[in-house]
There are 2 protein chains.
Amino acid sequence: MTQLQRRRIPDAAVTRLPVYLQILNNLHATNVLRFSSDELAALAGVNAAKVRKDLSYLGSYGTRGVGYEVTYLIHQIKRELGLLREWNVVVVGAGNLGCALAKFGGFAPRGFPVVGIVDNDPKKIGQTTGSLTVGDVRNLAKMVRDLKVAIGAITTSTATAQSAVDALIDAGVTSILNFAPIVLATPSSVSVRNVDLGVELQILSYYEQMRTEQTEVAKIQTKSSTVSV
Amino acid sequence: MTQLQRRRIPDAAVTRLPVYLQILNNLHATNVLRFSSDELAALAGVNAAKVRKDLSYLGSYGTRGVGYEVTYLIHQIKRELGLLREWNVVVVGAGNLGCALAKFGGFAPRGFPVVGIVDNDPKKIGQTTGSLTVGDVRNLAKMVRDLKVAIGAITTSTATAQSAVDALIDAGVTSILNFAPIVLATPSSVSVRNVDLGVELQILSYYEQMRTEQTEVAKIQTKSSTVSV
DNA sequence: ATGCCTTCGTGCATAATTTCACAAGGTCTC
DNA sequence: GAGACCTTGTGAAATTATGCACGAAGGCAT
């Protein structure tokens with residue numbers, strides 16, 4: 001095996017790099033030129049050593065005794081994340097969310113232009129949303145080819161999400177942003193990121209309940225004077 | 001220290017329980033009565049041993065040689081996640097997303113009723129969205145108290161997100177669902193879940209670029225006949 | 001009952017991630 | 001240019017998460 005393929009960045013670090021990038025963009029906007037791992041750690045709410053290790057996966061771009069240069073690091077993170085080019089997005093499912101994504105202009109300037117939107121409902125096909133016309137999901141493969149689509153966003157109903165994903169994968173798309181509350185069956189060569197508010201709320205619920213119980217216990221203990229340390 | 005407080009479930013397992021719950025609800029809807037860890041693992045796209053370990057944190061509710069009962073497990077997961085009661089949600093920020101969340105009726109039946117929405121813009125205050133009237137953010141504390149709010153959803157602009165969170169925390173809210181693309185500063189006693197599509201897209205971008213490079217390398221290697229295994 | 005079959009629950013090994021702690025290497029002052 | 005002072009980069013330890021492998025336990029057929 002030719003070992004020239006780029007050193008892999010640990011998954012956990014990959015999920016943090018976009019957060020760092022966000023913060024650095026803010027620093028840049030406020031004319032900050034340099035930062036230390038301590039400063040970034042405080043802003044990102046993580047440990048400073050973790051910041052340094054994460055940044056070290058990009059290469060040795062800091063200066064000891066000084067810190068990191070904002071603009072240079074922004075460039076390096078973008079390079080590593082593949083943000084020096086654009087990745088075209090197609091939205092599958094022209095419901096409320098799908099149309100909102102198509103209309104929302106916030107992704108194009110960040111390198112993820114929404115170049116198409118499709119649906120399987122004849123009533124929706126042909127309608128205009130933002131600057132796009134809803135296409136027929138049956139033309140998805142052609143659309144992916146012609147518009148060089150790299151990422152598919154699933155905003156269909158739960159019932160049709162799996163077939164939507166199958167169509168995308170058939171068309172050669174290997175990155176999926178899934179908004180349907182369902183676990184998609186995909187080959188391991190495909191990346192899937194799930195956005196599910198229900199799941200997030202339930203996770204919050206767990207920790208909220210933990211805290212609530214903790215408090216109850218404390219109250220009872222106080223009342224009955226059984227506190228022990 | 002009185003060690004009666006419930007055994008902690010590992011964070012990684014907590015994030016998977018809602019996914020299992022989703023799947024079990026589907027099984028229940030299709031009249032499936034029992035399932036094995038193998039079956040659930042296949043549906044959730046994870047390892048069967050992991051499923052068993054995750055479920056074992058709830059207690060020993062399986063039957064060896066048989067499997068788990070769907071309805072019973074649903075109940076146990078709900079209990080553990082704190083889903084046997086309702087958690088009221090207040091939305092802070094009455095923009096597109098905030099109003100959509102307020103209108104969207106999908107959370108109430110799942111135990112997370114949106115009981116209020118507030119903004120700081122006088123033009124928005126007083127407007128109606130769904131069955132709710134946009135309130136003044138300055139009345140947030142009273143609202144949290146009167147309506148027994150447990151979770152706050154931040155859908156403000158990035159610029160006002162931190163002050164929105166500060167207000168929520170002052171009002172006693174300890175669970176935050178944040179949609180603003182910013183890292184919120186919060187005490188460690190507060191749970192925050194971030195939903196940021198930009199971050200998700202950038203993570204997809206990284207892996208997509210990896211695959212692209214891999215392919216390029218393979219092509220070059222094939223052309224120049226330097227393939228080595 | 002007995003024995004076979006199935007699937008859970010879990011101890012243990014391995015892998016991944018986080019954190020510590022400090023040498024290395026740079027700047028800045030005098 | 002020498003010494004004081006920072007902050008990086010990274011081994012190594014600690015913690016957390018994953019996956020294997022197998023004993024335990026229940027069902028079912030004979």
Side-chain angles (χ1 to χ4, degrees), chain A residues 7-20 23-24 27 32-74 76-77 80 183 188 191 203 206-207 210, chain B residues 7-20 23-24 27 32-77 80 183 188 203 206-207 210:
Chain A
R7 79 203 152 285
R8 252 191 107 65
I9 298 184
D11 290 350
V14 170
T15 65
R16 285 187 296 265
L17 287 176
V19 176
Y20 299 154
I23 293 168
L24 294 187
L27 290 181
V32 175
L33 299 180
R34 288 209 282 235
F35 68 96
S36 69
S37 59
D38 263 322
E39 288 162 351
L40 180 52
L43 292 170
V46 301
N47 183 293
K50 194 190 281 185
V51 166
R52 288 199 295 277
K53 191 149 279 190
D54 287 346
L55 296 185
S56 79
Y57 296 126
L58 309 174
S60 269
Y61 299 132
T63 308
R64 296 177 190 216
V66 178
Y68 305 85
E69 239 185 272
V70 174
T71 53
Y72 192 59
L73 244 287
I74 287 176
Q76 292 304 330
I77 295 179
E80 195 70 35
V183 178
S188 63
S191 302
I203 294 170
Y206 172 78
Y207 293 106
M210 285 306 262
Chain B
R7 77 203 153 287
R8 250 192 106 66
I9 299 183
D11 289 350
V14 170
T15 65
R16 284 188 295 267
L17 287 176
V19 177
Y20 299 154
I23 293 168
L24 294 186
L27 290 180
V32 175
L33 299 179
R34 287 208 282 236
F35 69 96
S36 69
S37 59
D38 263 323
E39 288 163 350
L40 180 51
L43 292 170
V46 302
N47 182 291
K50 195 189 281 184
V51 166
R52 289 198 296 278
K53 191 153 281 188
D54 287 346
L55 295 185
S56 79
Y57 295 126
L58 310 173
S60 270
Y61 299 131
T63 308
R64 296 176 190 217
V66 178
Y68 303 85
E69 239 185 272
V70 174
T71 52
Y72 192 60
L73 245 287
I74 286 176
H75 179 80
Q76 291 305 331
I77 295 179
E80 194 70 36
V183 179
S188 64
I203 294 170
Y206 172 79
Y207 293 106
M210 286 306 263

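Chain letters run A, B, ... following the sequence lines, proteins first, then strands; residues in each count from 1.
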- Query: How does each nucleotide of nucleotides 21-30 of chain D score, in 5' to 3' order, for protein heavy atoms under 4.0 Å: base (B), sugar-phosphate only (S), or none (-)?
  - Reply: B-BBBSS---
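Here D:dT7 presents its P atom at 15 Å from CG of A:L55, a figure rounded to the nearest Å. Between the CG atom of A:D38 and the P atom of D:dT8 there is a distance of 7 Å, rounded to whole Å. When rounded to the nearest whole Å, the span between CZ of B:R8 and C1' of D:dT15 equals 14 Å. Rounding to whole angstrom units, OH of residue A:Y57 and C1' of D:dT8 are separated by 15 Å. The nearest whole Å value for the distance from the NZ atom in A:K50 to the P atom in D:dT10 is 19 Å. Nucleotide D:dT8 holds its C1' atom 12 Å from the CZ atom of A:F35, rounded to whole Å.
Closest heavy-atom contact between A:Y20 and A:V46: OH-CG2, 4.0 Å. Taking each heavy atom of A:A49 and A:N47 in turn, the nearest pair found is N-OD1, 2.6 Å. Here the shortest heavy-atom pairing between B:Y206 and A:E80 reads CD1-O, 3.2 Å. Closest of all the heavy-atom pairs between A:E39 and A:R34 is OE1-O, 4.1 Å. For A:I77 against A:L55, the heavy-atom pair with the smallest separation is CD1-CD2, 4.4 Å.
Between A:S37 and D:dT7 there is no side-chain N or O to OP1 or OP2 distance below 4.0 Å.
Inspection of the A:Y207 and B:D11 side chains reveals an N or O donor paired with an N or O acceptor under 3.5 Å.
When the nucleotides D:dT18, D:dG19, D:dT8 are ranked by their closest atom to the side chain of B:R16, D:dT18 comes out on top. Side-chain proximity of B:A12 to D:dT8, D:dA17, D:dG9: nearest is D:dA17.
A donor N or O paired with an acceptor N or O is found under 3.5 Å between the base of D:dG19 and the side-chain atoms of B:K53.
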- Item | side chain to side chain contact (heavy atoms under 4.5 Å, CB included) between B:L27 and B:I74, worked out | CA-CA 10 Å; B:L27 290 180; B:I74 286 176; over 6 Å; no
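Here A:D11 lies in heavy-atom contact (under 4.0 Å) with sugar-phosphate atoms only.
Looking at heavy atoms from C-beta onward, B:L58 lies in side-chain contact with B:L17 at the 4.5 angstrom threshold. Looking at B:L73 and B:F35, their side chains come closer than 4.5 Å, going by heavy atoms from C-beta outward.
For DNA chain C, the contact window with chain B, defined by any atom under 4.0 Å from a protein heavy atom, covers C:dT6 to C:dC12 in 5' to 3' order.
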